**Q** 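Got a structure for you, questions after.
Since the model is a prediction, treat every value here as computed from it, not as a measurement.
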Amino acid sequence: MCGIWALFGSDDCLSVQCMSAMKIAHRGPDAFRFENVNGFTNCCFGFHRLAIVDQLHGMQPLRIKKFPFLWLCYNGEIYNHYVLQKQFDFDCQTKMDGEILLHLYNRFGIKKMASLLDGVFAFILLDTANRKVHLGRDTYGVRPLFKFLTDDGMLAVCSEAKGLMDISHGMASPANIFPFLPGHIEVFDLKPNGKVQSIQMEQFHCCTQEPAHAIYDTVERVPTSFDEETVKSNIRALFENAVRKRLMAHRRIGCLLSGGLDSSLVAATLVKLGKEEKLQYPIQTFSIGSDDSPDILAARKMAAYIGSEHHEVNFTAEEGIQAVEEVIFHLETYDITTIRASVGMYLISKYIKEKTDSVVIFSGEGSDELTQGYIYFHKAPTPKAAAEDSVRLLKELYMFDNLRADRTTAAHGLELRVPFLDHRFTAYYLSLPEEMRIPKHGVEKHLLRDSFKGLNLIPEEILWRRKEAFSDGVMSLKKSWYTCLQEHLESMVNDDQMGKAHKTFPHNPPRTKEAYYYRQAFEKQYPGRAEWISHYWMPRWINATDPSARTLSIYKPEKDQ
């Protein structure tokens with residue numbers, strides 16, 4: 001996890017422009033560097049480092065003697081870098097996982113390079129010999145990337161949009177800043193004056209395709225039969241493989257644990273593999289909530305079961321409400337459910353940073369989208385419709401849950417790892433017959449739960465625990481966190497403002513006072529940037545007016561079942 005920033009064709013003094021890069025210093029607290037590009041006086045890189053792999057050679061832009069014309073700035077982890085190094089007999093000069101990008105690019109070109117990377121990444125690769133700038137981002141946008149492009153070809157790129165907001169340029173009209181699309185690469189021609197022209201924008205991987213790197217994976221091809229026992233065995237093998245490859249770190253590993261199915265499966269598998277790999281420390285698990293919240297109680301039970309070193313963070317509604325504006329600044333969004341769920345994750349990340357030495361944090365993100373975990377999937381009209389919505393959710397993760405997970409942890413210099421979004425695991429799960437993946441017997445994620453039944457990996461009551469949204473489960477059943485927020489924010493927005501909401505905010509107009517408040521806070525910090533998200537996250541197939549599962553008629557609290 002780091003912060004990357006680059007500027008090509010600057011109209012103004014670079015030393016002034018470089019101040020913008022300091023806006024993302026939280027992403028890399030260990031070191032930072034600015035570097036001008038030789039021969040291109042108005043181009044430079046900025047880099048904030050969080051040291052996870054190769055403490056000695058980890059600074060960027062990364063350059064090696066073999067390819068002095070290549071400059072690489074990247075944020076991410078490439079889990080198969082050793083496998084590829086052996087496979088293609090590359091002579092690597094560092095232990096940096098990112099060095100593999102330089103060798104792959106030199107041998108195969110940009111598109112094949114990106115498709116062979118098993119991991120999460122956002123990169124800027126400059127080739128001065130061929131005068132090309134390349135950008136790329138992983139399949140699910142786990143790592144963030146924003147670009148800023150003027151009509152006359154000045155390009156700036158940054159991990160977060162806040163690092164691009166104050167860049168000055170010579171054009172009369174404001175420059176567009178927008179998220180770089182996941183699973184894509186873009187190639188620019190670099191002109192002698194440092195300005196660029198986009199010549200290629202292309203998708204290199206879609207979540208429904210088996211990834212190109214699968215043929216070099218450490219786990220062999222899985223049997224293709226759709227016999228139920230074979231499928232469940234494959235799910236277990238690929239999930240364990242996804243967790244194992246993410247153990248790559250020289251810093252302490254911990255895990256977020258809400259006590260729900262997804263984080264419990266991750267935590268239990270992590271503890272099991274940690275013992276096998278002989279990690280020199282116990283795995284720390286972290287949960288957050290108020291005293292009697294369902295999440296806190298379930299997580300406590302789960303931690304005792306797997307024997308992790310468990311930490312509980314208590315927070316009150318008042319503390320949560322106080323953090324909202326700060327959270328919106330880090331998130332760069334006004335989406336309702338994202339903000340609600342981010343407050344707890346932001347506060348727990350703050351605790352991890354201040355009170356522990358865990359830096360690499362595992363989490364259960366992506367499972368609900370992949371395995372049809374949201375309660376509204378019970379109302380899907382057909383298995384085909386459910387399968388299509390699952391893919392839609394995965395493609396939109398970069399605007400919602402992945403954005404939340406990255407920004408709340410990166411705000412405190414932590415690196416998040418999400419095994420449920422492993423390329424092979426997701427491609428396999430999405431290849432299964434549509435009927436196998438739908439909720440069954442009134443239980444969502446039935447196939448995933450059934451795959452781990454009877455193994456004693458996690459307690460049966462946790463394995464079959466109903467879905468509880470992170471923003472709901474952190475407070476008691478009597479009063480949800482979202483209700484606390486709504487009651488507080490009700491007085492912050494008046495009826496007159498609500499009446500004019502459509503005119504004030506024509507793109508995604510807020511429909512509630514809570515949404516209006518978030519939008520106002522967002523516009524104050526990022527004026528005119530509402531189009532960073534195309535829509536609000538909302539349940540489908542139900543006439544929902546609020547994203548919380550607890551407002552749906554089909555929601556049943558634990559005690560009612």
**Q** Evaluate Trp5 against Phe32 for ring pair (Phe, Tyr, Trp, His ring centres under 6.0 Å), listing each step before the verdict.
**A** CA-CA 11 Å; Trp5 183 92; Phe32 79 93; over 10 Å; no
**Q** Just by distance, with hydrogens left out, do Ser390 and Gln372 show a side-chain donor and acceptor under 3.5 Å apart?
**A**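 Their side chains do not contain a donor-acceptor pair, so the 3.5 Å distance test is not met.
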**Q** Assert yes or no for the condition that the ring centre distance of His134 to Phe188 is strictly below 6.0 Å.
**A**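 They do not qualify: ring centres at least 6.0 Å apart.
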**Q** So which heavy atom on Cys158 is nearest to which on Gly163, and how close?
**A**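 Minimum heavy-atom contact is SG-CA, 3.8 Å.
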**Q** Whether Glu396 and Arg392 form a salt bridge (side-chain N of Lys/Arg under 4.0 Å from carboxylate O of Asp/Glu) is what I want to check.
**A**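 The answer is yes: the pair qualifies as a salt bridge.
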**Q** Tyr334 vs Tyr536, test: ring pair (Phe, Tyr, Trp, His ring centres under 6.0 Å). Steps then yes/no.
**A** CA-CA 9 Å; Tyr334 51 91; Tyr536 290 107; 5.8 Å; yes
**Q** Work out which heavy atom in Arg63 is nearest to a heavy atom in Pro68; give both atom names and the distance.
**A**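 Nearest heavy atoms, Arg63 then Pro68: NH2-O, 2.7 Å.
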**Q** If you compare all heavy atoms of Leu84 against all heavy atoms of Leu116, which two are closest, and at what distance to 0.1 Å?
**A**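 Taking Leu84 first and Leu116 second, the nearest heavy atoms are CD1-O, 3.5 Å.
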**Q** Please give me the minimum heavy-atom distance between Ala249 and Arg417, naming the atom from each residue.
**A**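 Residues Ala249 and Arg417, closest heavy atoms: CB-NH1, 4.2 Å.
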**Q** Taking atom CD1 of Ile185 and atom OG of Ser115, what is their separation to the nearest 0.5 Å?
**A**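 Reported to 0.5 Å precision, the distance equals 9.0 Å.
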**Q** Does Lys162 make a cation-pi contact with Phe329 (under 6.0 Å, within 45 degrees of the axis)?
**A**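 Yes - Lys162 lies over the ring of Phe329, closer than 6.0 Å to its centre and within 45° of its axis.
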**Q** Any salt bridge between Lys245 and Asp118, counting N to O under 4.0 Å?
**A**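 Looking at Lys245 and Asp118, the cut-off is met.
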**Q** What residues form a side-chain hydrogen bond (donor to acceptor under 3.5 Å, both in side chains) with Gln87, not counting sequence neighbours?
**A**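 Not a single residue meets the side-chain hydrogen bond (donor to acceptor under 3.5 Å, both in side chains) criterion with Gln87.
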**Q** Out of Lys23, His26, Met165, which one pairs with Glu160 under the side-chain contact (heavy atoms from CB on, under 4.5 Å) rule?
**A**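 Output: one option passes, namely His26.
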**Q** If only side-chain N and O atoms count, and only distance matters, is there a donor-acceptor pair under 3.5 Å linking Thr139 with His205?
**A**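 Note: His205 and Thr139 side chains meet the donor-acceptor criterion.
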**Q** Taking the ring centre of each residue, are Tyr351 and His412 less than 6.0 Å apart?
**A**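 No.
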**Q** Apply side chain to side chain contact (heavy atoms under 4.5 Å, CB included) to the pair Val324 and Val343, showing each step before the final yes or no.
**A** CA-CA 7 Å; Val324 166; Val343 172; 4.2 Å; yes
**Q** Using the benzene-type ring in the case of Trp, are the ring centres of Phe425 and Phe239 under 6.0 Å apart?
**A**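 Here the rings of Phe239 and Phe425 have centres that are less than 6.0 Å from each other.
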